[in-house]
Amino acid sequence: MNEPGVGSVQSLARGLAVIRAFNESRPEMTLSEVARVTDLSRAAARRFLHTLVQLGYVWTDGRVFALTPRVLELGFSYLSSVSLPEIAQPHLEKLVAQVHESVSVSVLDGDDIVYVARVPTSRIMTVSINIGTRFPAYATSMGRVLLAHLPEAELEDYLHRVQPEPLAPHTLKTRDALRGELDRVRAQGWCLVDQELEAGLRSLAAPIRGRSEQVVAAMNVSSHASRTSGEHARRVLLPPLLETAARIEADLQVAPDARSGGIPR
């Protein structure tokens, strides 16, 4: 017999999977496409879609389905309750004005990083990066900063659980190589990732610490490799990046606890 509530939890997970099935490359889908992407039966997909339509999160013309702006409420509830994005935003804007490159802040969520603040200058990736965008932590500069500062037991669990995949020609391909890089990141206090998430993308990241000195987020400066060499990134971009991270940390020190939104301090 199932434990009480297990069926409801599974239904919630499947309903969220239906919402997450829609993205930039799949803004509209038929019932059959939703069932295929979510690995649900047509009957189950139909049930979840119709429930989401009734709740106002999905729109349909009878043949195709698409998300409605109401899904933004799900993310807004989080963003409106945390202090980090609100505190970081003006600092990001100042840094962008100084270095003329895109700047972002992310947090670790499971095995991925999730963008919570961003000021872009130009599109340098094949995919559009927005608040809520997720990438595998191992292939990103911010992800490596966050992984490098995990408690040892959590990091070991991550390294046993995750197998790096070659997302780009320079992606680290083994756990041992990733472990060595994370040790280096922890020792030097910053991370440079050179075309490992996508060819042509070079990214430099630094940690952001909360009141307890724990790393609660990471911020980066990203640019196209054709205009920013690794040496230029270390010499020109790293100092203002570290200075900006320090200013955000200083503001977090005095942020009201009621606005922490669950971000550890």
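Throughout, numbering of the chain's residues begins at 1 and tracks the sequence. The analysis underlying the following values was restricted to heavy atoms, covering all of them including side chains, and did not include hydrogens, waters or symmetry mates. Quick caveat, the model's predicted, so the values are computed rather than measured.
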Participant: Enumerate, atom names and distances included, each donor-acceptor pair closer than 3.5 Å involving a side-chain atom of residues 39-53, sequence neighbours excluded.
Facilitator:
{"from": "S41", "atom 1": "OG", "to": "A44", "atom 2": "N", "distance (Å)": "3.1"}
{"from": "R42", "atom 1": "NH1", "to": "S32", "atom 2": "OG", "distance (Å)": "2.4"}
{"from": "T51", "atom 1": "OG1", "to": "R47", "atom 2": "O", "distance (Å)": "2.9"}

Participant: Minimum heavy-atom separation for R118 to I131, with atom names?
Facilitator: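 Nearest heavy atoms, R118 then I131: N-CD1, 3.8 Å.
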Participant: Taking atom types as modelled and ignoring hydrogens, do the side chains of S25 and N23 form a donor-acceptor contact shorter than 3.5 angstrom?
Facilitator: yes
Participant: Is the closest basic N to carboxylate O distance between R227 and E101 below 4.0 Å?
Facilitator: yes
Participant: Run the salt bridge (Lys or Arg N to Asp or Glu O under 4.0 Å) test against E181 and tell me which residues pass, sequence neighbours left out.
Facilitator: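 By the salt bridge (Lys or Arg N to Asp or Glu O under 4.0 Å) rule, E181 matches R184.
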Participant: Under the 4.5 Å side-chain heavy-atom rule for ILVMFWY, direct or indirect, which residues accompany V64?
Facilitator: W59
Participant: Among all residues two or more places apart in sequence or in another chain, which pass the salt bridge (Lys or Arg N to Asp or Glu O under 4.0 Å) test with R63?
Facilitator: none
Participant: For R20, does the CZ atom have more than 12 heavy-atom neighbours from other residues, nucleotides or ligands under 6.0 Å away?
Facilitator: no
Participant: With a 4.5 Å limit on heavy-atom distance, are the side chains of Q163 and R175 in contact?
Facilitator: yes
Participant: According to the salt bridge (charged side-chain N to carboxylate O under 4.0 Å, His left out) rule, which pairs have a member within residues 137-152, sequence neighbours left out?
Facilitator: R144-E196, E152-R179
Participant: Considering residues at least two apart in sequence or located in another chain, which fulfil the salt bridge (Lys or Arg N to Asp or Glu O under 4.0 Å) criterion with R70?
Facilitator: E73
Participant: So, using side-chain hydrogen bond (donor to acceptor under 3.5 Å, both in side chains) as the criterion, who are the partners of E93 when residues are at least two apart?
Facilitator: none
Participant: Who are the side-chain hydrogen bond (donor to acceptor under 3.5 Å, both in side chains) partners of S106, not counting sequence neighbours?
Facilitator: none
Participant: The criterion is side-chain hydrogen bond (donor to acceptor under 3.5 Å, both in side chains); which residues satisfy it with T140, sequence neighbours excluded?
Facilitator: none
Participant: Report the hydrophobic cluster partners of L172, with the cluster defined as I, L, V, M, F, W, Y residues connected by side-chain heavy atoms closer than 4.5 angstrom, directly or transitively.
Facilitator: none
Participant: With sequence neighbours excluded, tell me which residues meet side-chain hydrogen bond (donor to acceptor under 3.5 Å, both in side chains) with R247.
Facilitator: T244
Participant: Please name all residues satisfying side chain to side chain contact (heavy atoms under 4.5 Å, CB included) with S226, sequence neighbours left out, ordered by chain then number.
Facilitator: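 Only H224 meet the side chain to side chain contact (heavy atoms under 4.5 Å, CB included) criterion with S226.
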Participant: Taking K173's backbone N and O only, do any of them form a donor-acceptor pair with T171's side chain (distance below 3.5 Å, no angle check)?
Facilitator: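 Flag not set: sc T171 to bb K173 has no pair under 3.5 Å.
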Participant: I'd like to check D251 versus H91 (side-chain heavy atoms, cut-off strictly below 4.5 Å). Are they in contact?
Facilitator: yes
